[in-house]
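All chains are named by letter (A, B, ...) in the order of the sequence lines, taking the proteins before the strands, and each is independently numbered beginning at 1. Reckoned from all heavy atoms, side chains included, excluding hydrogens, waters and symmetry mates.
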Amino acid sequence: MSHLKILQSYAKRSPESFPASILFGHSAKNITIFDGFPKSKFHFLVLPRASETDLSLSDLGSLHALLKADKSKAKEVVAALADDARGVRGDIEREMVKHYGFKWDVWTGFHAAPSMVHLHLHVLSADLCSDKLKHKKHYNSFHPKLGFFLHLDDVLSWFDAEPTYYEHMVSMKKLHLLIVLKEGLTCFHCYKEMKNIPILKDHLQEEWDKLATKASRKRKRKGESADVAVPEEKGLSDQEKTLKRAKSEATENVEA
DNA sequence: GTTCTAGAAC
DNA sequence: GTTCTAGAAC
């Protein structure tokens with residue numbers, strides 16, 4: 001199976017046929033999988049199931065293709081993805097508290113020019129701290145302010161905006177989007193420009209450490225225990241180990 | 001996606 | 001000299 005079409009093949013499969021290492025959950029309309037190359041501490045993909053719509057597989061090929069098809073059907077598909085994404089976000093937040101003792105942001109959105117076929121909604125923690133984040137295009141494709149990562153709420157708002165605006169967003173130029181990926185490396189927390197990827201990654205870790213420290217102080221002030229289960233294997237319950245193992249096994253499969 | 005590598009950056 | 005990027009090949 002080519003990497004480019006792997007998500008399309010998942011969209012055609014019955015949820016029961018997946019190993020637990022790939023499938024995180026499913027609903028009537030969608031499946032949620034572990035991103036095979038998570039770019040944050042938590043990173044999932046929500047995909048519309050091919051059998052649960054009368055749109056063609058090619059209409060479901062990408063957000064661009066979907067929005068060019070029937071507008072009201074497109075809205076239904078995106079709204080259904082949004083429903084599942086809310087649940088995934090809640091799951092991520094519970095895991096955040098369990099593993100790290102605090103919650104931070106979760107981003108939900110589409111890549112404007114994805115590299116793989118079949119619509120997929122990213123749901124990921126807002127840290128971009130991951131071994132799998134290696135290149136400038138990885139980082140810029142999730143940077144929340146660059147415009148390549150299309151936040152779900154923005155996409156939903158297009159449906160209710162002026163038709164001309166909708167048309168404008170649907171016809172967004174791919175060339176411009178790809179140029180965005182080559183722009184400089186600006187920290188999404190503090191907007192400082194970083195010289196290169198290794199420096200950026202160290203900096204992102206420091207920014208996340210600051211969030212963790214702040215949350216820990218806050219817990220102390222409130223008189224709660226400041227001690228948190230450390231994110232190490234020995235500190236994890238069996239269920240958490242399973243989730244962690246599932247995540248690392250999922251690495252063999254998804255996302256380009 | 002990964003690996004390899006030329007050449008740029010430092 | 002070493003580190004890093006980015007394009008080609010797979």
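- A cation-pi arrangement is present between A:R13 and A:F18 under the rule of less than 6.0 angstrom and at most 45 degrees off the ring axis.
- The separation between A:K132 atom NZ and B:dG1 atom C1' is 11 Å, rounded to whole Å.
- Aromatic rings from A:H122 and A:H120 are positioned such that their centres are separated by under 6.0 Å.
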Which protein N or O atoms sit under 3.5 Å from an N or O of nucleotides 3-8 of chain C?
unit_1 : atom_1 : unit_2 : atom_2 : d
C:dT5  : OP1    : A:I197 : N      : 2.7

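- With ring centers used as reference points, A:H151 lies under 6.0 Å from A:F149.
- Centroid-to-centroid, the aromatic rings of A:H143 and A:Y139 come within less than 6.0 Å.
- The closest donor-acceptor contact from the side chain of A:T186 to the backbone of A:Y191 lies at 3.5 Å or more, if one exists at all.
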